[in-house]
Q: 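Let me give you the structure first, and then I'll get to my questions.
Source: prediction; values computed, not measured. Whatever order the structure lists them in is the order used to number ligands and atoms, beginning at 1. Just so you know, these numbers use all the heavy atoms, side chains as well, and skip hydrogens, waters and symmetry mates.
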Amino acid sequence: METFTPAEAPAAPLRDRDTISDRFKWNLTHIFPDSDAWKRAYDELDTKISAYAALQGTLAQGADRLLAAYKISDAIGQLSYKVWYYVALKYDEDQRDNEMNAKRQQVQILFAKFAQVSAWFSPELLNIPLPTVQEWMAKNPELAVYRFAIEDLYRQQEHVLDEKGEHLLSLASRFSSAPYDAYAALSTADVKHPTLRLSNGTEVTLTYGQYRAILATNRHQRDRAAAFVEYHKLFEASVNTYASLYNGVLQRDWFHAQSRGYRTTLDAALHGNNIPTAVVENLIETTKAGTEPLRRYHRLRKRVLGLDTYHAYDTTIPLVEIEEKYPYEDVLEWLPASVAPLGPDYQRQLREALNSGWIDVYENPGKRSGAYSAPVYGVHPYMLLNHNDTLDAVFTLAHEAGHSMHTLLSHAHQPFVYSDYTIFIAEVPSTLSEALFLEYMLEQAKSERERIVLLQHAIDGIVGTFYTQVMFADYELQAHRLVEDGQPVTAERLSEIYVNLFKTYHGDSIEHDGQSRVTWARIPHFYSTPYYVYQYATCFASSAQLMKQLTGASGPAKAAAIDRYLTLLKSGGSDHPMTLLQRAGVDLSRPEPVRAVVEQLDTLVTRLEHEINSQVSR
Ligand SMILES: [Zn+2]
């Protein structure tokens, strides 16, 4: 157990892209045969954009004019996907490619032009009374396709100000990113990273990546503790500056909420997707009542790691190490097998997705890092990976495959206007795909050690994507309520909120170190996108409840659950996300979905305890 892994092991030399077999590269000729074809499509897009601009001032003339505007906007949208992704994906193959970078920017300039020449559309439509447009739709079935999009535009109108008010807000928006920009400069550009001497004598520069690596790989607790203390000192040293920047975020949000006539900042944040505030309040309350399995997991970790005291910096080190490799070719068989509970059609489509030149598998010099699924409308989704045969890499593929299947079904079953799904639903299929894959891998696992690694992977996923994000959402809500109630916002007050939350979630299962107080100062999402992270948690809860319905039932109940789930994937953005989820059997305003996550964690921790005990008893 005392094997020390250096925090940043030297990477193996990368293979040149030319030496990688075509079977492991995506085939972009599915979008355009060559760059000449791309250029022709680009010019066509430009022409269509000018044609759209010419429609200004015509909408009030009747249903036909409105339908014409929607149709040309659809045509522009469809072509945009292909024109953008052909160059964007090619650029990601090797980001040193200047020519491709220039083409990407050329497309971005064209998109900016479209945004500019189409700005008249919403105000002009909203000038026509809704009952008139509804009458048009009743008589014109082709226009009626756009009913949800049209009516939602009128719903959003509720909080749009008059021209003078909107002008004033648009002027104010120019400094609304200042707190985040200053946070980024303070925490990244201007930061002086400390150096740290590890117990084996090596000296490291403590960047965020290095800090994370030490916590996740270094088996000496005193090294992890030292990294934790040094890293948090960076934030302690400027804690009052961080507090005043965060106060800037809170005041800005409250200013916008009040000027648009929302009751609270949370109301303002949720209105776009028509999410009731009860969803966030219920998420927080039900999670707080379900922290016991989380604490049990940390107590188990403390015992297995053999630590006298257990701290925040001990929460990511693996319980056991295995040498197991997961070659890509094997995963191609496992993944379709894992989705058997979703039926043979889904399995067949996934097989096609994995074997048809849709995936760029291996790393090569200059390739974009990480992984994503790109929805190329009119072609098919593409997936970028940097597969390195690790367990994380195979779960990444399972995750991205979930996104791609969602895209595939949604594009196939919806008219273009609703083919895209919202963030609020996006992470449901990806996390469900991972959960099915975990079940399959646990069944196939050859040893207790491998099962322990799999279980820890799944549990850490729930801790990171669910519990931590709910705690963050809770923090954001409490902080915003300070300004809504006219209370002062100080570093002391923000730290107090954070400490209380940390204790509420973890009880005495994790020692509380003084430095943890300032953790709030470090979290980029708090400054960049307030009220965003709760969506990871609601997606996770939805997926946990769906998983329970899919795998728990049998006979007709199971068939109905599969059908409801596939219907969700086929629905795209054809209605508000809460409505779509309710049809799939998930009501996020009720405690059940969150309880399904708590149960899932409880079951996984019990399984982990069992594997560990039987390993010890041998
Ligand atoms: Zn995702």
Q: Name all pairs fulfilling the side chain to side chain donor-acceptor pair (under 3.5 Å) condition that reach into residues 532-547, sequence neighbours left out, sorted by first residue then second.
A: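 Applying side chain to side chain donor-acceptor pair (under 3.5 Å) to every pair that reaches into residues 532-547, excluding sequence neighbours, yields T431-S543.
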Q: Under the rule for ring pair (Phe, Tyr, Trp, His ring centres under 6.0 Å), what residues qualify as partners of Y498, not counting sequence neighbours?
A: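 Partners of Y498 under the ring pair (Phe, Tyr, Trp, His ring centres under 6.0 Å) test: none.
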Q: State which residues pass ring pair (Phe, Tyr, Trp, His ring centres under 6.0 Å) with F437; sequence neighbours excluded, sorted by chain then number.
A: F395
Q: Measure the spacing between CG of D314 and CD1 of I317 and express it to the nearest 0.5 Å.
A: 8.5 Å
Q: Has K90 got its NZ or CZ under 6.0 Å from the middle of the six-membered ring of Y86, at an angle within 45 degrees of the ring axis?
A: yes
Q: Any salt bridge linking K548 with E599? Criterion: basic side-chain nitrogen under 4.0 Å from a carboxylate oxygen.
A: yes
Q: In the protein, how many N/O/S atoms are under 2.8 Å from the Zn ion (ligand 1)?
A: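 Protein heteroatoms (N, O, S) closer than 2.8 Å to the Zn ion (ligand 1) number 4.
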